[in-house]
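Quick note: residue numbers are just sequence positions, from 1.
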Amino acid sequence: MTTNEGGRVKRIGGLGKLAGERVLALARTGDGAEVVGTRDALFLPGGVRIPWEQVQAADWDIDAATLTVAEVGTWGEERPVHVVAVDDPGLLLELVRERVTASVVLQRHAPVRGALGLFVIARRAPRGDQSLQWSFEYDEGLDPDAPDVKAAAIAALERARDEVGDR
């Protein structure tokens, strides 16, 4: 990684110039690659940049010393998951938790059939200069294409958008 005097990233491995991104936490892998957290994104080895609002979940396995990052996905498609062996995560784990949590503006469960339902989730980029990104997470056993599920999702989204004033 190369930074300028202000700590802003100029180059991370093969990622090239990343104007305006300030390194907030950094960890090294066993082979010397870097996992970098900035205000706006998580950078993984191999040139992978994941904006915080696109991180669905991140888990640390202390025994295996691995960070597993799952990206927000699309229903019915395989969700991108990245597993990185990290020697010493340092402050990176705290940053990941804080940034992912901060990206979630709203998360509401909407029942569809008994206990089965879906979550409506609104996420926002850290800069706050982009519109909210809305997504659904369906409970196991629900078909998102079923008419009652679609109707529940639309109604839940409308209520959620009203709640946060996203019109």
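With Glu21 as reference, Arg49 is the one residue of Arg49, Arg127, Arg39 to meet the salt bridge (Lys or Arg N to Asp or Glu O under 4.0 Å) rule.
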Next on the checklist: Show, in sequence, the C-alpha distance, side-chain angles and deciding distance for Gln56 and Glu71, and conclude whether the side chain to side chain contact (heavy atoms under 4.5 Å, CB included) test is met.
Outcome noted: CA-CA 5 Å; Gln56 172 68 33; Glu71 294 185 47; 5.9 Å; no

Item to check | Intermediate values then yes/no, side-chain hydrogen bond (donor to acceptor under 3.5 Å, both in side chains), Thr38 and Asp40 | outcome: CA-CA 5 Å; Thr38 68; Asp40 297 325; 5.4 Å; no

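Asp88 places none of its side-chain heavy atoms less than 4.5 Å from the side chain of Arg28. When side chains are defined from C-beta on, Leu24 counts as touching Arg99, because their heavy atoms get closer than 4.5 Å. Side chains of Val120 and Leu118 form a contact here, defined as non-hydrogen atoms less than 4.5 Å apart. In this structure, the side chains of Leu157 and Arg161 come closer than 4.5 Å at one or more pairs of heavy atoms. By the 4.5 Å heavy-atom criterion applied to side chains, Glu53 and Val72 are not counted as neighbours. Counting heavy atoms from C-beta on, the side chains of Trp134 and Ile121 never come closer than 4.5 Å. Proximity of Trp60 to Pro89: side-chain heavy atoms (C-beta onward) are separated by under 4.5 Å at one or more points. Side-chain contact between Leu44 and Ile50: present, with at least one pair of heavy atoms (C-beta onward) separated by less than 4.5 Å.
Side-chain contact annotation: Gln133 with Gln54, donor-acceptor N/O pair under 3.5 Å present.
For Arg123 (side chain) and Ser103 (main-chain N/O), no donor-acceptor pair under 3.5 Å exists by modelled atom type.
To the nearest 0.5 Å, atom CG of residue Leu42 and atom CG of residue Leu95 are 8.0 Å apart. Taken from CG in Leu142 to CG in Leu116, the straight-line distance is 5.0 Å, to the nearest 0.5 Å. The structure places OH of Tyr138 at 9.5 Å from CG of Asp143, a figure rounded to the nearest 0.5 Å.
Closest non-hydrogen pair, Ala41 versus Pro51, comes out as CB-CA, 3.9 Å. Summarising the geometry of Ala58 relative to Leu67, their closest heavy-atom pair is CB-CD1, 4.5 Å, with the distance given to 0.1 Å. Contact detail for Leu92 and Gly37: the closest heavy-atom pair is CD1-N, 3.9 Å. Counting all heavy atoms, side chain and backbone alike, Pro144 lies closest to Lys150 at O-CG, 3.2 Å. Counting all heavy atoms, side chain and backbone alike, Ala115 lies closest to Asp139 at O-OD2, 3.6 Å.
In the displayed structure, Arg79 atom CZ is contacted under 6.0 Å by more than 12 heavy atoms of other residues, nucleotides or ligands.
Leu106 and Phe119 fall into different hydrophobic clusters, where Ile, Leu, Val, Met, Phe, Trp and Tyr side chains are chained together by heavy-atom contacts under 4.5 Å. Residues Val69 and Val104 are members of separate hydrophobic clusters, defined by side-chain heavy-atom contacts under 4.5 angstrom among Ile, Leu, Val, Met, Phe, Trp and Tyr. Both Ile62 and Val86 sit in one connected hydrophobic cluster of ILVMFWY residues. Membership requires side-chain heavy atoms under 4.5 Å apart, directly or through other members.
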